[in-house]
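Reading through the structure tokens given below for one structure.
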Amino acid sequence: MNPVKLLIVDDLRENLVALEALIRQEDRQIYKAFSGDEALALLLEHDFALAILDVQMPGMNGLDLAAMMRGTEKTRRIPIVFVSAGAQELNYAFKGYETGAVDFLYKPLDPHAVRSKVNVFVEIYRQRQQQEMLLAELRDTQAELQRSIEMRDDFVSMVSHELRTPLNTLYLQTQLRRRMASGVTLTPAQMTAMVERDEQQIRNMVRLIDDMLDVSRLRKGTLAIQPAAADLAVLVKRVIESYADQGANVGCPMEYSGPDTLPGIWDEFRIEQVVANLLTNAIRYGGGKPVKVTVEASGQEATVSVRDQGIGIAPQDQARIFEQFERAVGKQVAPGLGLGLFITRQIVEAHGGTISVESSAGEGSTFIVRLPRRTPSAPLS
Ligand code: ADP
């Protein structure tokens, strides 16, 4: 705890020395002033817990100084103890000094009275300081809570919106089926296209719900990885295969380059999720151009990079897109909650790896995942 500052004002050195000796303690800093002017200068510079003023001083006396203190915002509330020769001296003087505590000591000073008065004021000051600290903490907590509530409200409305879109599409499809039921016929090709659209919408919803579940697991610290023997090259090729149609439909064929096999110790399911997230992003933000996926091994490290030639990411957005709910572009480009890369990074880091992006706006992006070939057993935080 910071020492408490006390001011004592008296024109006589021996009085100051005697008073200081009475009230000195380790946790107190005592400032001495020989005149009202000197005291004012100190008062403006420091925050005092208490000022002890001799009433009788040449020039500005203790009462004048007190009046000035009460008239100045910074010093208005500092408690004052007047040291006076007798009660009469103070009779008339205190009208108008009601702001802030005032007390009196009479000469000759009674050491016990001096110490106990000063102790009381120091104690009050300390308690007020503590209250202010607690109050500041409370205000911070309240602001934090407010932010969380707003974030949750935003989240709920984003999720509702995101679920609404595929549900609307599915609803339209049911309307079509209703018309079919009443005699409208579709060709097998039209039928297949319809089912594929349905599947796509359902996949979108499943992905969204999975992401939300992962985020809530991450918050609770229960999204654990289970590393086991796996083959990164085989895994990546499998994910490419499963997104091939989706990519081809929007003009983003995916090209693999890398070894046929790259064994290591990873959580296969979670690394698939990482690759799938990067591929769906490359398809969604890839501007309808080919996507290149590369797998490499060097020493004890394996690297997967996904390169698209799409809209790119401006330098100021490159760090924040890995945080939850952060998006660099609006819904007009692609719908999304901004959770995918957040979850991706957590999974990669839980494997002891890193994820980074190289990009500039308009020129495509390359996401690079580096993984140790043997996952150190790390819990997902
Ligand atoms: P979402 O795609 O749902 O918004 P992500 O966490 O996967 O969530 O991505 C966060 C943001 O990063 C995206 O909104 C987008 O602005 C940007 N982004 C991600 N991948 C790419 C990419 N390949 N090209 C350009 N921007 C991207």
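Values reported hereafter were calculated over all heavy atoms of this structure, with side chains retained and with hydrogens, waters and symmetry mates removed. Order of appearance sets the numbers: ligands from 1, and atoms from 1 within every ligand.
Side chains of Gln56 and Asn61 form no contact here, defined as non-hydrogen atoms less than 4.5 Å apart.
Under a 4.0 Å N-O distance rule, the pair Glu241/Lys237 does not qualify as a salt bridge.
The aromatic rings of Phe322 and Phe367 sit perpendicular to each other, their planes meeting at more than 60°, with 30° as the lower class boundary.
Within 4.0 Å of ligand 1, counting heavy atoms only, the contacting residues are Asn281, Arg284, Tyr285, Asp308, Ile311, Gly312, Ile313, Ile321, Glu326, Arg327, Ala328, Val329, Gly336, Leu337, Gly338, Leu339, Gly340, Leu341, Ser365, Phe367.
Between the CG atom of Leu53 and the CG atom of Leu7 there is a distance of 7.0 Å, given to the nearest 0.5 Å.
Residues Glu123 and Gln127 have side chains that bring a donor and an acceptor to within less than 3.5 angstrom of each other.
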Mind running side chain to side chain donor-acceptor pair (under 3.5 Å) on Asn277 and Gln273 for me, showing each step along the way?
CA-CA 6 Å; Asn277 271 341; Gln273 192 179 352; 5.9 Å; no
